[in-house]
Every structure is written in C-alpha cells, then in structure tokens.
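Data first, discussion second: the structure below is written as structure tokens.
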Amino acid sequence: VTAIPTSSPVPWRPADATRLVLVDIVGGSAVVVGWLGTAQTSALSRQLTWVTVAVVGLVIAGTGNALWLLAGRRNVGLRLRAALDEHVTGPAAVPVPGVVAHPAARALVAVPRGSRYHRPACVLARGKEHQPATAKRHLANGLRPCEACRPEVDE
Amino acid sequence: VGVSAFVLRQWDRVASWVAVALGALVLLIGYIGVSGTPYVFEQVPYVVSGGLGGLFLLGLGAVMWISADLRDEWRKLDSLEEALREAAVVAPEDRDVP
C-alpha cells in the first residue's frame, strides 16, 4: 500500500523533489543573504541579526532535507512490507523426500523450478519443498541468490 | 565513454562528492579568513559564509548520497517483487499454510 507507484524509478513524488529544491534554494539564499548582511556592517549587534537570518536558512534547509530522506525511507519500507505481507508463509521449509543434504553442505535451499536459492528460514522458502545444497552447487545449477534473504552474505 | 556513462548513471553520487568537496573547501576558506584578522566584526562574515555555508554544502552532499542509496534500494525491490511473484507461482497452495 505504498503511496508511490512501483513503476516510479525513485521513492519520491515529483512534488517531493520540487519541495526539496525550493527549500534548499530558500535555505541557501538565506545563508548568502546573511553573509552579505554581516559583510556590510561593522556593528556587532547588526551583524547578529544577519547571523540569525543565516542560521534560520540553515535550519530550513536541514529540515527540508530531513523530511525528504524520511519520505524516501518510509516509501521504501511501505513497499517492502506490502510485498512481504502478500506472500508470507508459515512453517519452516520441508525437505524433498529422498533428498538428503550432504553433512558438509551449507544449509541453503532451492525451491523446485525456482530460479533462486535461499536460506532455509527465508519467507520465500518456508513451507515449500526444497533441495538443500551448497551455494556453489546452486550457482552451478544456474540459480542466483535470493534478494530477500541474501544467502551470499555471511552472517 | 566509461566515465561519462558512470557520471550519467550515478549523477547524484558524483554531485554529492562535488558538494562535499566544495563544503570542505568553503570551511577551509572560512577558517583562514577568521584566523587572518583579530577583529570580531571582520571574523563574523567568514563564520557565516565559511562556517554556515560549508555546513550547508556538506549537508547537501550527505542528503544526495543517502538519496542515491534509497534510489538503489527502491530499484532492488523490483527484483524482490519478481522473486516473490515467482515463488507464488511455483507453489501457490503453500500460501495458505498458517
């Protein structure tokens, strides 16, 4: 139930990008104006006013940038959660009858007719028949590591 | 060709490094300016331009870098959704297992 279409190449709406650019222009301009203001007077009390303008500009830009990152993080999380919620299964993977993993084999499994290999606890392998083998063997069979459980990464 | 293709594909990361380098340079210029005068009223403009301006550019660079990471993560989800769809096609009956 992500707010951004999955066809979008980035996790933001065009309006988010417009807002970010505007906020950074306003914030950066305030810093420049503050700098010019301080440079045109030698009275410290007046300079402090311009320093305040620059600091406010920095805060505006920082807030806008933080909101931009939070929106992106949120949209990535929503899409991931929606995808996993749709396909989560229950019990652990069950071995294919008659197929016994070699004791030296690392516990990585492949679902029959699938194109990826998984960790046994992966949501994409749980509850399904699987063929255990080493990563090397799976790769030799033309399979690629699952993007969800990332079995190629050591824990 | 390789460099231009990389810049086109990773323009946000390249821009991020440019912003960070500029920010560091502006901070250095601000430091040199502040240390070059004993008068506070002459130091304040350097603090604003060099200090706050440098922080602004460093922040901008960091945001662009993290944005590039989020964009990559978003694209990675395409592969993940494809894997999920494939898993559902391979064993659709298993989805009903509690």
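Keep in mind that what you see is a predicted model, and the values were worked out from it rather than measured.
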Max heavy-atom pair count under 4.5 Å with chain B, selected residue of [options]:
options                    : result
A:Ala54, A:Pro11, A:Ser115 : A:Pro11
A:Gly37, A:Cys146, A:Ala39 : A:Ala39
A:Gly57, A:Ala66, A:Gly28  : A:Gly28

**Nearest-0.5 Å distance, CG of residue B:Leu58 to CG of residue B:Leu27** =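 Spacing of CG (B:Leu58) from CG (B:Leu27) equals 5.5 Å.
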**Asked** Roughly how far apart are B:Glu81 CD and A:Glu147 CD, rounded to 0.5 Å?
**Response**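 So the CD of B:Glu81 and the CD of A:Glu147 are separated by 11.5 Å.
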**Asked** Who wins among B:Leu55, B:Asp78, B:Val40 for the most heavy-atom pairs under 4.5 Å with chain A?
**Response**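 Answer, by heavy-atom pair count under 4.5 Å with chain A: B:Asp78.
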**Message:** Does any backbone or side-chain atom of B:Arg71 lie under 4.5 Å from a heavy atom of chain A? Answer side chain, backbone, both or neither.
**Reply:** both
**Message:** For A:Trp12, I'd like to know if atom CH2 has over 12 heavy atoms of other residues, nucleotides or ligands within 6.0 Å.
**Reply:** yes
Check each atom of [X] against the heavy atoms of chain B and say whether the ones under 4.5 Å are side chain, backbone, both or neither.
X        : answer
A:Leu44  : side chain
A:Arg144 : side chain
A:Leu58  : side chain
A:Val55  : both

**Asked** Does A:Trp68 have A:Arg19 sitting over its ring (NZ/CZ under 6.0 Å from centre, angle to axis within 45°)?
**Response**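 Relative to the ring axis of A:Trp68, which defines the angle, A:Arg19 lies outside at least one limit.
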**Asked** What are the two closest non-hydrogen atoms of A:Gly27 and B:Phe56, and how far apart are they?
**Response**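 Scanning both residues, the minimum pair turns out to be C-CE1, 4.3 Å.
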**Item:** hydrophobic_cluster_shared for A:Val10 and A:Leu80, side chain cutoff 4.5 Å
**Value:** yes
**Prompt:** In terms of side-chain heavy atoms, does A:Thr38 have a donor or acceptor partner in A:Gln47 at a distance below 3.5 Å?
**Reply:** no
